[in-house]
Amino acid sequence: MKKVLTSAILMALASSTVVYAADFDIREEYNPSHGEKNPDYQHKYRIAFNNRLSNGIGFGVEAKYLSPTGQSFLQDFQTAGTQANISYAWKFADDFTLTPQLKIETNDTYKLSQQANLTLAYKFSRDFSASVRYRYNYDTWAEEDTKGNDTGAKNYSEHYNQFSVAASYKGIEDLALSTAVDYRIKRSRLDNGVEKNTVDEDNKGINEINFKAEYSGFDSGLSPYAEYGLYPSSKDTSVKDSWRPYYRVGLKYKF
């Protein structure tokens, strides 16, 4: 999977040198404390680069970082994973765009995530658009770490199916508003290739709600933005019976 994704990105670069759209994105996320099960706050960080060529092929890379729970902003800064993706935006009608995407992600728990996304977007007008996305995610864990120590992951993997619905409005001068809702259908574990019962019944249903505002009125190409979101979380018991908020601020440079 890694070789396929790398080869596809190199082919995209070789096939066209005309950049249609590119951006560099830095973001900070704050998760406040949430009941007895999550007594400490946490800061998370992300640096991303995305590029779309004139032939419709796009690719992106992302680096994730975090501070341990209860630590201040940028304190004990440590890596939390890397991600790469490649996609193709096919505009098959004046107002319709279909975008398949392949994504691969690794993190510091020796987990490898592979995703296949398919997004259908429709532009109702110059200012209003909406989209629906289907995602299939497949996770595997390394049985040994880089030092040869047993990680406890023995012949099992997990996968899930998820739908997302999003909408955006750009009718306010230099301001774009958007929202998205993720709905996870099922998360299951595979032991030696055999599907077992759902890992956690709490992991299906609405998985995240997000609201975003982005300002693009600067001539420099800089676009600051802010996000507010909610996701299911345990609060005072082990059951995910509440919604934990997160707050994000970011700066995007478009060129």
Side-chain angles (χ1 to χ4, degrees), residues 16-32 43-64 73-74 83 85-101 103 117-135 162-183 206-231 243-255:
S16 175
T17 58
V18 181
V19 177
Y20 176 72
D23 64 73
F24 183 74
D25 191 338
I26 300 177
R27 187 185 75 194
E28 198 272 342
E29 176 180 321
Y30 175 72
N31 300 124
H43 291 277
K44 299 178 182 179
Y45 323 97
R46 187 199 69 176
I47 302 173
F49 172 76
N50 295 287
N51 193 8
R52 177 73 61 190
L53 303 178
S54 59
N55 59 8
I57 295 176
F59 59 91
V61 291
E62 181 178 312
K64 298 180 180 181
F73 178 66
L74 294 180
Q83 184 185 106
N85 69 79
I86 184 168
S87 62
Y88 176 71
W90 175 38
K91 190 174 183 180
F92 61 92
D94 289 341
D95 299 315
F96 284 95
T97 304
L98 186 66
T99 306
Q101 181 194 62
K103 182 183 294 186
N117 297 308
L118 184 63
T119 303
L120 178 64
Y122 178 69
K123 193 172 183 179
F124 292 92
S125 66
R126 180 181 177 181
D127 299 323
F128 181 64
S129 62
S131 66
V132 59
R133 181 187 68 193
Y134 168 73
R135 167 178 291 175
Q162 181 171 291
F163 281 97
S164 300
V165 178
S168 64
Y169 178 70
K170 300 180 180 179
I172 304 173
E173 185 177 2
D174 298 327
L175 185 65
L177 304 175
S178 62
T179 184
V181 177
D182 295 340
Y183 186 90
I206 295 178
N207 194 56
E208 184 178 351
I209 302 171
N210 177 274
F211 302 94
K212 181 178 180 180
E214 181 175 337
Y215 180 76
S216 58
F218 298 121
D219 294 334
S220 61
L222 293 174
S223 298
Y225 64 88
E227 297 182 39
Y228 171 75
L230 298 164
Y231 62 93
W243 294 89
R244 187 178 185 181
Y246 63 76
Y247 305 89
R248 294 170 177 169
V249 291
L251 185 63
K252 184 183 295 184
Y253 176 61
K254 301 177 182 179
F255 56 94

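Fair warning: this is a prediction, and the values are worked out from it, not measured in the lab.
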Phe73 and Tyr45 aromatic ring geometry - parallel, tilted or perpendicular at 30°/60° bounds: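 Ring orientation, 0 to 90° scale: perpendicular.
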
NZ/Lys212: more than 12 non-hydrogen atoms of other groups inside 6.0 Å: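 More than 12 heavy atoms, drawn from other residues, nucleotides or ligands, come within 6.0 Å of this atom.
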
Say you draw a straight line from [atom1] of [X] to [atom2] of [Y]; how long is it, rounded to the nearest 0.5 Å?
X	Y	atom1	atom2	answer
Lys170	Arg126	NZ	CZ	10.5 Å
Gln83	Arg46	CD	CZ	8.5 Å
Tyr122	Phe128	OH	CZ	10.5 Å
Tyr253	Asp25	OH	CG	14.0 Å
Tyr231	Trp243	OH	CH2	11.5 Å
Asn207	Arg135	CG	CZ	9.5 Å

Check [X] against [Y] and note the closest heavy-atom contact, atom names and distance.
X	Y	value
Tyr88	Asn55	CE1-O, 3.2 Å
Gly60	Asn50	CA-OD1, 3.7 Å
Ala89	Thr97	CB-CG2, 4.1 Å

Under the salt bridge (charged side-chain N to carboxylate O under 4.0 Å, His left out) test, which residues partner [X], sequence neighbours left out?
X	result
Arg248	Glu29, Glu227
Lys91	none
Lys252	Glu214

Exercise: do Arg52 and Ser87 side chains pair donor with acceptor under 3.5 Å: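 Short answer, yes.
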
Pair Ser216-Ser223, side-chain donor/acceptor within less than 3.5 Å: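 No - no donor-acceptor pair under 3.5 Å links their side chains.
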
Residue list, ring-ring contact (aromatic ring centres under 6.0 Å, His included) with Phe49, at least two apart or on another chain: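 Scan of Phe49 (ring-ring contact (aromatic ring centres under 6.0 Å, His included), adjacent residues dropped) gives none.
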
Audit row: Tyr215, Tyr225, ring pair (Phe, Tyr, Trp, His ring centres under 6.0 Å) steps and yes/no: CA-CA 6 Å; Tyr215 180 76; Tyr225 64 88; over 10 Å; no

Working for side-chain contact (heavy atoms from CB on, under 4.5 Å), residues Phe211 and Leu230: CA-CA 9 Å; Phe211 302 94; Leu230 298 164; 5.6 Å; no

Aromatic ring proximity, centroids under 6.0 angstrom, Tyr246 and Tyr30: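 No, ring centres 6.0 Å or more apart.
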
Under the side-chain hydrogen bond (donor to acceptor under 3.5 Å, both in side chains) test, residues paired with Ser131 that sit two or more places apart: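 Ser131 satisfies side-chain hydrogen bond (donor to acceptor under 3.5 Å, both in side chains) with no residue once adjacent residues are dropped.
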
For residues 171-179, which side-chain N or O atoms pair as donor and acceptor with protein atoms under 3.5 Å away, sequence neighbours left out?
| residue | atom | partner | partner atom | Å |
| --- | --- | --- | --- | --- |
| Thr179 | OG1 | Asn210 | O | 2.9 |

Test item: Lys44 and Lys64 side chains (from C-beta on) under 4.5 Å apart, heavy atoms: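 Contact flag for Lys44/Lys64 side chains = no.
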
Close side-chain approach of Phe163 and Val165, heavy atoms under 4.5 Å: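 No, their side chains stay 4.5 Å or more apart.
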
